[in-house]
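As the structure is a prediction and not an experimental result, all values here were calculated from the model. Heads up: numbering here begins at 1 and tracks the sequence.
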Amino acid sequence: MHFIRVSSNMFMNWLKQLIKQKSIAKQADLPIVADLAVGLLIDFLRGISPSNWYVRAGLWAKTGDYPLGFKLGGMQVGIVRLGNIGSEVLNRLRAFGFIISYNSRRKRPSVLFPYCANVYDLAVNSDVLVVCCALIEQTHHKINKDVMAELGKGGMIINVGRGALIDEKEMLQFLVQGEINGVGLDVFENDPNVPKEPLRLDNIVLLPCQNALTHWESWLYTT
């Protein structure tokens, strides 16, 4: 029996070439995007980012406790488009005890959670919308002022799809006027150019469009 001696460099080069195949890389990105969507949601509900800066600014000792956040379990979350990423989001949200419903192009018989035929009905029955659909002509500004109005003053939006899935100007008006509670965004309509208004608001969590990257993917695609 003959054995082929493989160096660590040979193995790593082979591994990178294997993972760089489009079908494998695409599937590998899905859990990473879903992780970030849930991270944005938890950050907003528990006030992690603003309370961090509250402590750093010395306000805890000066003005008392930071306002309390929201309980995760029992909150109603609507997933906009139950595709590959949406399904990964659903699996993670279920573990926290969220009450889940979804909207997609069609009802999926294998999914036992409630289905809403349109995003308006989904908004009516949700405290939070998690937007993770593709951007095509039919989904441009899918989350418009009518959807946000149905979501209501206590509603929240998380977007890890594309910036133009949300009517950004209307969203900012709703945030400023207190017509929705808050948003978590990893994407913007004209990123990396971010409008000035969100930078002044406390009810928004902003990230620089890195939902499909970690240190591992960065190393993989740049070496």
Short question: side chain of D121, backbone of C116 - any donor-acceptor pair under 3.5 Å?
no

C132 versus I85, closest heavy-atom pair with distance
CB-CG2, 3.9 Å

Is there a path of hydrophobic side-chain contacts, each under 4.5 Å between heavy atoms of I/L/V/M/F/W/Y residues, joining V194 to V176?
yes

Contact check, side chains of Q76 and F98, non-hydrogen atoms, under 4.5 Å
no

For residues T139 and R162, is any side-chain donor paired with an opposing acceptor at under 3.5 Å?
no

Taking the side chain as C-beta and beyond, is there a heavy-atom pair between V131 and I157 under 4.5 Å?
yes

Tell me which one of I158, N159, I180, V147 satisfies side-chain contact (heavy atoms from CB on, under 4.5 Å) with L129.
V147

Please determine whether residues V119 and V124 belong to a single hydrophobic cluster, defined as Ile, Leu, Val, Met, Phe, Trp and Tyr linked transitively by side-chain heavy-atom distances below 4.5 Å.
no

Between N181 and F44, is there a side-chain heavy-atom distance shorter than 4.5 Å?
yes

Hey, are H140 and E189 close enough side-chain-wise for a donor-acceptor pair under 3.5 Å?
no

Evaluate side chain to side chain contact (heavy atoms under 4.5 Å, CB included) for L206 paired with I204, printing each intermediate quantity in order.
CA-CA 6 Å; L206 307 172; I204 183 168; 3.4 Å; yes

What I'd like to find out is whether the side chain of V160 reaches to under 4.5 Å of the side chain of L40, using heavy atoms alone.
yes

Output for pair (R94 CZ, I99 CD1), nearest 0.5 Å, gives 14.5 Å

Would you name the heavy atoms of F70 and M75 that are closest together and state the gap between them?
CB-CE, 3.9 Å

How far does CE of M171 sit from NE2 of H141, to the nearest 0.5 angstrom?
10.0 Å

How about L82 and I79: do any of their side-chain heavy atoms sit closer than 4.5 Å?
yes

How long is the span from the CG atom in L72 to the CZ atom in F96, to the nearest 0.5 Å?
6.5 Å

Locate the shortest heavy-atom distance separating L135 from A164; write the atom from each residue and the value.
CD2-CB, 3.9 Å

To the nearest 0.5 Å, what is the distance between SG on C133 and CD1 on I143?
7.0 Å

Rounded to the nearest 0.5 Å, what separation is found between the CG atom of L45 and the CD1 atom of I48?
9.0 Å

Ignoring hydrogens, what is the shortest heavy-atom contact between A37 and V130? Give both atom names and the distance.
CB-CG1, 4.3 Å

Nearest atoms (heavy-atom pairs only) where D167 meets M148:
O-CE, 3.9 Å

Taking atom CD1 of I136 as the centre, report whether more than 12 heavy atoms of other residues, nucleotides or ligands fall under 6.0 Å from it.
yes

Is there side-chain contact between L36 and L207, with at least one heavy-atom pair below 4.5 Å?
yes

Distance from D202 atom CG to Y54 atom OH, nearest 0.5 Å?
12.0 Å

For the side chain of Y102 and the backbone of R108, is there at least one donor-acceptor N/O pair under 3.5 Å apart?
yes

Do the side chain of R81 and the main chain of N103 share a donor and acceptor less than 3.5 angstrom apart?
no

Under a 3.5 Å distance rule, please check whether Y66 uses its side chain to pair with a backbone N or O of V55 as donor and acceptor.
no

Would a 4.5 Å heavy-atom cut-off, applied to side chains only, mark L93 and L90 as touching?
no

Taking every non-hydrogen atom, the tightest pair across V205 and S49
CG1-OG, 4.4 Å

4.5 Å side-chain heavy-atom contact, N144 and Y120
yes

For residues N125 and S101, is any side-chain donor paired with an opposing acceptor at under 3.5 Å?
no

